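In what follows, a single structure is set out as C-alpha cells and then discussed.
Just so it is clear, the model here is predicted, and its values are computed rather than measured. Letters A, B, ... are given to chains in the order of the sequence lines, protein chains preceding strands, and every chain is numbered from 1.
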Amino acid sequence: MAADREVRVRFAPAPSGWLHVGSVRTALFNWLWARHTRGTFIWRIEDTDADRATEDSMQSMIEAMRWLGLDWDEGIEVGGPYGPYRQSERADLHRAVARRLQDAGHLYHDDRSPDELNTWRQQRRDDDLPPTVKRGTVPDADTGTLRLALPASGTVSVHDEVRGEVTWDWANESDPVLVRSNGAVTYPLANATDDLAQGVSLVCRGEDLLSVTPRQLFLYDLLLADGLLDDALDEVGLPARDPSWGAPSSFAHLSMVVGEDRKKLSKRHGSVSIQELARQGFLPETLLNTIALLGWSPRDGRERLDRDEVVAAFSLDQVGASAAAFDVDKLTAFNGERIRDMDPAALAHRLVPHLDGTYLPDGDDGEPDPDHEPILSTPPSDGELVRLTALVPLVQERMQVLAEVADYAPPFFREVGIDEAAAAKVFRKAGSVEALEAGATALAGVDWTVEAIEAALRGLTDELGIGFGKVAQPIRVAVTGSNVSPPLFESLAIMDRHVVLDRLAAALPVARAVRDDLG
RNA sequence: GCCCCCGUCGUCUAGCGGCCCAGGACGCCGCCCUCUCAAGGCGGUAACGUGGGUUCAAAUCCCAUCGGGGGUACCA
C-alpha cells in the first residue's frame with residue numbers, strides 16, 4: 001500500500017441519460033473518499049462515443065451534482081491542471097497513445113465485420129471454448145479495428161478494496177478494440193490513458209466494470225513502460241504527469257443498486273433522476289445521507305448523519321460487497337425527520353419552489369401536473385412570505401416531503417372549494433349546521449389569537465352539548481375545504497377573520513343540503 | 001454456454017470463531033396521546049438460502065449446491 005500517495009479519485013460518467021441513485025452513489029463514494037483523505041476529487045466526462053453522448057445529459061448531471069452539493073476540485077466547468085476533462089477534447093492524446101502502442105507492436109488490425117465476428121464467437125461457444133478474440137486467430141489485415149494483444153496465458157489479480165483479491169485467467173480475456181474502424185478510440189484506451197495522465201490513485205466505480213479490469217491493468221503497464229504516455233503527452237502539448245504518480249494502486253468496485261424486486265434499477269423504484277427527487281421534495285441532505293448508507297455504514301452504527309459526519313466517518317473498508325436495493329420508504333422517513341429538525345425560516349425558503357410553480361406537484365397519474373396553478377406569485381410577495389412563515393410550524397410536523405406543502409397551503413392563500421367527500425362525511429353528523437352557526441357567532445367578536453379562538457370554540461361544546469370533535473370537524477371542512485388540515489385554532493389564527501367568517505357562511509347551505517338530504 | 005462478483009428480518013444493515021436461541025433503522029401491527037391528518041411515546045412481528053465438512057464452539061472458516069447480479073460490443 002502506497003500510503004503516502006495523495007489520494008486522487010475521479011467520477012467518470014458517460015454523458016447519456018441522467019444521474020440517478022446508482023450513479024450518484026458512485027460519485028458520492030469517490031467524493032467522500034477524497035474529502036475524508038483531503039485528497040482531490042476529479043470529474044471527467046467520458047464522451048468518446050459521439051453517438052451516445054449528449055450536451056443535455058452533461059448539463060443535467062452538472063445541475064444534479066451542484067444541487068446535491070458534491071463539489072469537484074478538478075474537472076469539467078471548473079478546469080484544473082491536468083485537463084481538459086472531457087475526453088472528446090483529449091482525442092489527440094488518445095490517438096498519439098494508440099499510434100505509439102501500435103509502433104511498439106501491441107496492436108493489430110482486425111478487419112472482420114461484426115457479423116463475421118458474431119458467427120465466429122457463436123462457433124466458439126458451440127465448441128465449448130471461450131468466445132474470446134485473440135491475436136493469431138485473425139487474418140493479417142491492414143484495415144479495420146485495432147485490437148490490443150493481451151497475454152494468451154497466465155493469470156492477473158487485483159486487490160479490490162471491497163472484494164479482496166480477484167483473479168482472472170488471460171485465456172478467457174478477449175483482445176479489446178482500442179481504435180474503431182472510424183478512427184475513434186474506445187473506452188478501454190481513453191479511460192486507462194486519462195486515469196494515468198491525471199494521476200488517479202484509486203479507481204472507484206460500479207461493479208459492472210469489474211470484468212474490464214484485467215485489460216486495464218495490462219494497459220497501465222504498457223503506457224508507463226519506456227515513458228510511452230509521457231512522450232505522447234509531450235507530443236500533444238498536454239501537462240506532464242507528476243513524477244510520483246504510478247498506476248492506480250487499488251480499485252473499489254461498488255455493487256449495483258437494484259430495485260426492490262432485486263432486478264436492475266428501473267424508474268419504478270428509484271432510478272428517477274435527481275431532479276425528479278428534488279421535485280418530489282426530498283432534501284439534498286437526506287439523499288446524501290441515505291445514499292451513503294447504501295452499502296456503507298459507520299462503525300458506531302449511527303444512521304442520521306450530516307455531510308461532515310459522513311465525511312469524517314467514511315472509509316472504504318466498511319463498504320459492503322452485496323447489491324443494495326434503494327428504499328424509498330426509508331428515504332421518505334429520513335426526509336421527514338430532517339424537515340422536523342429544520343429551522344422554520346430556512347424551511348419556508350425551501351418550500352417556495354414547491355408553491356410558486358417552479359416544481360410542479362404530482363398529477364393524478366403521478367407525473368408532474370402541467371395544469372397546476374401556482375399558489376404563490378413569483379417572486380412571492382411580502383404578505384405571502386409572512387403567511388408562509390406562519391404556516392411553516394404547522395406543516396413542519398406533518399410533512400415527509402416538501403411537495404406535501406402544496407396539499408396544505410391552498411386554503412391559506414386563496415379560495416378553495418369544499419371537498420365533496422369531506423362534506424358528505426362530516427356534515428351528515430348531527431349538530432354540524434349548529435356548529436357552523438355557533439362557530440361564526442363565537443368567532444365574530446373574539447380576539448384573533450390562537451388562545452382566544454381556542455377558548456371560544458371549546459366553549460361551544462357545552463353550549464351545543466356535543467363533543468369537541470363534532471364542533472371542530474365541520475368548521476375545519478368549511479374553512480379549509482377538507483377534513484384533513486393542520487391544527488384548527490392555529491390555522492384559523494393565521495387566516496384573516498373575515499375570510500374565516502365568509503367561508504363559514506358559505507358552507508352553511510352546503511351543510512344544510514347534506515342534512516336535508518338525509519331526511 | 002463461458003468468465004467474474006454477491007447471498008443475515010420485506011428493505012438498508014451490525015456481525016469479521018465463543019459476548020448472537022442474532023442488534024439497530026425503515027416498513028408493518030398494536031397501544032398511548034389527540035380537534036382531523038400527521039408527529040411523538042411505548043410495545044410487538046420478522047432473517048443467518050440449502051447440504052456437507054473443519055472446530056470443544058460457526059451467521060462468522062472450507063467445499064458443494066441453489067439463487068441473484070455483472071460481463072461476454074467497433075457502449076461505457
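For A:Phe314, the ring-ring contact (aromatic ring centres under 6.0 Å, His included) partners at least two apart in sequence or on another chain are A:Phe29, A:Trp296.
Sorted by first and then second residue, the ring pair (Phe, Tyr, Trp, His ring centres under 6.0 Å) pairs involving residues 131-156 of chain A (not counting sequence neighbours) form an empty list.
Pairing partner, B:rC61: B:rG53, with both Watson-Crick or wobble hydrogen-bond distances short of 3.5 Å. Of the nucleotides present, B:rG71 is the one that pairs with B:rC2 by Watson-Crick or G-U wobble criteria, both distances under 3.5 Å. Base pairing analysis places B:rC26 opposite B:rG10; the two distances defining the Watson-Crick or G-U wobble pair are each below 3.5 Å.
Contact check, A:Arg180 against B:rA76: a side-chain N or O comes under 4.0 Å of OP1 or OP2. In terms of phosphate contacts, A:Arg205 brings no side-chain nitrogen or oxygen within less than 4.0 Å of OP1 or OP2 of B:rA76. The shortest distance between the side-chain N/O atoms of A:Arg124 and the OP1/OP2 oxygens of B:rG1 is not below 4.0 Å. Neither OP1 nor OP2 of B:rC37 sits under 4.0 Å from any side-chain N or O of A:Ser485. Under 4.0 angstrom from either OP1 or OP2 of B:rA76 there lies at least one side-chain N or O belonging to A:Thr48.
Tested against A:Phe334, the residues A:Gln400, A:Glu303, A:Glu285 include a single side chain to side chain contact (heavy atoms under 4.5 Å, CB included) partner, A:Glu303.
Along RNA chain B, the nucleotide closest to A:Gly164 and the one closest to A:Leu117 are compared, and the more 5′ of them pairs with A:Gly164.
If you check B:rC74, B:rG1, B:rU13 against the side chain of A:Pro131, the one that comes closest is B:rG1.
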| request: Could you please spell out the steps behind the side chain to side chain contact (heavy atoms under 4.5 Å, CB included) verdict for A:Ile466 and A:Glu434? | output: CA-CA 10 Å; A:Ile466 55 179; A:Glu434 291 72 16; over 6 Å; no

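Contacts with RNA chain B (heavy atom under 4.0 Å) in residues 398-412 of chain A: A:Arg398, listed by number.
Salt bridge A:Arg86/A:Glu55: present, at least one basic N to carboxylate O contact under 4.0 Å.
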